[in-house]
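What's counted below: heavy atoms across the whole structure, side chains too, no hydrogens, waters or symmetry copies.
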Amino acid sequence: MPFSYEKDRGRMQPSSDVKIPDNHPLSSTKALESFGNELLAWYDEHKRELPWRTSPSLYKTVVSEFMLQQTRVSTVLPYFDGWMEKFPDFASLASASEEKVVKAWEGLGYYSRARNLRKLAKEIQAFDAPPEDPETWQTFPGVGPYVAAAVTSINFGTPAAVADGNVVRILTRIFAHDEQFRDGATAQRKLRPLAQALLNENNPGDHNQAVMELGATVCHRRSPLCLTCPVLKFCQAGQCGDAETYPIIDKRKVERLSIDRLWIVRDNALLLNRIPDDSKRLAGLYELPCPEDFPENIRPKNTLHLATKRRAIANQSIEERILRAELEGNRELSDDTNLEFIPFEKLNEVTLSGPHRKWVKELQKKLELA
DNA sequence: AACACGGGGCT
DNA sequence: AGCCCAGTGTT
């Protein structure tokens with residue numbers, strides 16, 4: 001390990017316990033200042049035009065940061081403007097129904113983000129003015145160390161450094177930090193004090209955004225564009241042509257599983273399974289039912305293979321077979337199941353998980369033609 | 001500390 | 001097919 005620092009104790013203030021080794025290009029105060037300035041100059045010149053950057057506001061920042069958790073900019077882009085039209089401010093979001101809010105999030109994934117964002121909107125109504133410190137922000141639902149630092153630095157200039165995946169990549173490369181981390185979250189936690197030590201306190205918001213922008217557009221995980229990097233001269237790994245080696249994070253094992261899904265149509269309606277509200281996963285959303293979703297006395301029969309789909313969820317690799325089927329007899333579904341026939345013309349009113357929305361559209365079209 | 005949570009894009 | 005992305009909450 002090229003340098004050491006003590007454990008982060010959750011402080012957002014500059015960490016005096018971070019020691020940069022004397023032989024590193026960033027060891028002097030002057031170099032640190034130069035680093036901050038050149039990063040900011042690069043950002044001013046090269047930042048992307050993004051909808052939450054044009055006429056920015058606290059609300060836009062919060063919405064974008066929620067949407068961007070574990071989610072790429074290109075994925076968020078098709079949602080952001082529509083969201084702002086449906087829910088232009090905290091007040092409109094706070095008074096909207098949860099169903100409507102989750103429906104607007106359909107396809108983005110991690111649906112608890114939408115519920116937490118709505119809860120946050122309600123909680124923030126109780127303030128005369130929004131809090132400007134990361135500690136208070138972290139008490140809001142769905143707000144952790146990253147969002148707290150991002151929101152307060154960008155909107156209020158609060159000197160709180162963000163430590164996300166981009167920051168981990170950039171810092172481990174700049175310092176050729178060869179510590180092996182058990183997972184990304186651990187790396188972020190451990191590197192936060194260093195990020196704080198490098199923060200440009202003249203403009204914490206832009207500094208944070210500049211680091212993330214650099215990570216997203218130059219300091220890629222694979223094949224980083226070191227030759228165009230504005231801070232190459234401060235980067236030990238980059239100068240060794242070695243950037244791709246960092247960070248060193250343990251891999252998680254991928255679990256493989258196979259699921260059957262049933263396509264059952266009756267009276268121009270499609271049978272869907274509504275996932276219970278108390279479910280950890282996809283609560284309140286609809287999916288094509290699995291055989292296990294049916295009560296003992298009703299078994300789907302006459303199955304015919306329609307398609308096989310593959311996708312990944314977290315560390316799971318899933319193969320899903322879609323089977324056309326019929327319910328035996330003309331049995332009514334009892335109320336204690338979560339199965340509902342949804343008329344095709346009302347399919348757009350319910351919230352489907354992303355892949356199921358896609359599959360249903362595909363199969364509907366395919367079967368109409370057949 | 002370990003795990004669950006969605007979905008998609010890139011290699 | 002694996003990897004990871006502007007992470008957070010729960011156990």
Notebook entry, point to check: Of all the choices, dA6(C), dG8(B), dA1(C), which nucleotide is nearest to the side chain of T75(A) once you look at every atom?
Noted result: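 Closest of the options to the side chain of T75(A): dG8(B).
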
Item checked: Side chain of S353(A) (C-beta onward), nearest among dG7(B), dA6(C), dG7(C) ->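 In terms of side-chain proximity for S353(A), the closest of dG7(B), dA6(C), dG7(C) is dG7(B).
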
Under 4.0 Å between any heavy atoms, over every strand shown, what does [X] touch: base, sugar-phosphate, or nothing? Just pick one.
| X | result |
| --- | --- |
| L50(A) | base |
| R357(A) | nothing |
| V147(A) | sugar-phosphate |
| G184(A) | nothing |
| V73(A) | nothing |

Taking [M] as the reference, what is the distance to [N] when you measure between their [atom1] atoms (whole Å, please)?
| N | M | atom1 | result |
| --- | --- | --- | --- |
| dA6(C) | dT11(B) | P | 14 Å |
| dG6(B) | dT11(C) | P | 15 Å |
| dC5(B) | dA1(C) | P | 22 Å |

[X] [atom1] to [N] [atom2], straight-line distance once rounded to whole Å:
| X | N | atom1 | atom2 | result |
| --- | --- | --- | --- | --- |
| R222(A) | dT11(B) | CZ | P | 11 Å |
| R115(A) | dT10(C) | CZ | P | 13 Å |
| E106(A) | dG7(B) | CD | P | 9 Å |
| R310(A) | dG9(B) | CZ | P | 19 Å |
| E213(A) | dC5(C) | CD | P | 16 Å |
| M67(A) | dG7(C) | CE | C1' | 16 Å |
| Q188(A) | dT8(C) | CD | P | 8 Å |
| N116(A) | dG7(C) | CG | C1' | 12 Å |

Note to self: Could you work out, with side-chain hydrogen bond (donor to acceptor under 3.5 Å, both in side chains) as the rule, every residue matching S64(A), not counting sequence neighbours?
What the structure shows: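 S64(A) satisfies side-chain hydrogen bond (donor to acceptor under 3.5 Å, both in side chains) with no other residue.
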
Next item on the list: Scan R310(A), R261(A), K309(A) and name whichever one has a side-chain hydrogen bond (donor to acceptor under 3.5 Å, both in side chains) with E320(A).
Entry: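 For E320(A), the side-chain hydrogen bond (donor to acceptor under 3.5 Å, both in side chains) test succeeds with only one of R310(A), R261(A), K309(A), which is R261(A).
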
Notebook entry, point to check: Any sub-3.5 Å donor-acceptor pair from K60(A)'s side-chain atoms to S55(A)'s backbone N or O?
Noted result: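 Pair found, side chain donor or acceptor close to backbone of S55(A).
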
Notebook entry, point to check: Under the 3.5 angstrom rule, does the side chain of R357(A) hit a backbone N or O of G107(A) as a donor-acceptor pair?
Noted result: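 Checked: no pair found.
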
Checklist line | Earlier contact from the 5' end, DNA chain C, for W52(A) and P141(A) | finding: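 Its nearest nucleotide being more 5', the pick is W52(A).
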
Checklist line | Pairwise 5' ranking along DNA chain C for Q69(A) and I249(A), keeping only the more 5' one | finding: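 Between the two, 5'-proximity favours I249(A).
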
Item checked: Parallel, tilted or perpendicular: ring planes of H356(A) versus W359(A), cut at 30 and 60 degrees ->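 Rings of H356(A) and W359(A): tilted, as their planes differ by 30° to 60°.
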
Note to self: Does the plane of the ring in F344(A) sit parallel, tilted or perpendicular to the ring in W263(A)? Use 30° and 60° as the thresholds.
What the structure shows: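 F344(A) and W263(A): tilted rings.
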
Item checked: Ion pair E326(A)/K301(A), N-O distance below 4.0 Å ->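 A salt bridge is absent here (no side-chain N lies under 4.0 Å from a carboxylate O).
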
Item checked: Ion pair K103(A)/E106(A), N-O distance below 4.0 Å ->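 Salt bridge present between K103(A) and E106(A).
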
Checklist line | Contact under 4.0 Å: R72(A) side-chain N or O vs dC4(C) OP1/OP2 | finding: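 R72(A) to dC4(C) OP1/OP2: no side-chain N or O under 4.0 Å.
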
Checklist line | Phosphate OP1/OP2 of dA1(B): any R189(A) side-chain N/O under 4.0 Å | finding: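 Affirmative; the distance criterion is met.
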
Any protein N or O atoms within reach of nucleotides 3-5 of chain B? Criterion: under 3.5 Å, listing atom names and distances.
| from | atom 1 | to | atom 2 | distance (Å) |
| --- | --- | --- | --- | --- |
| dC5(B) | N3 | Y110(A) | OH | 3.3 |

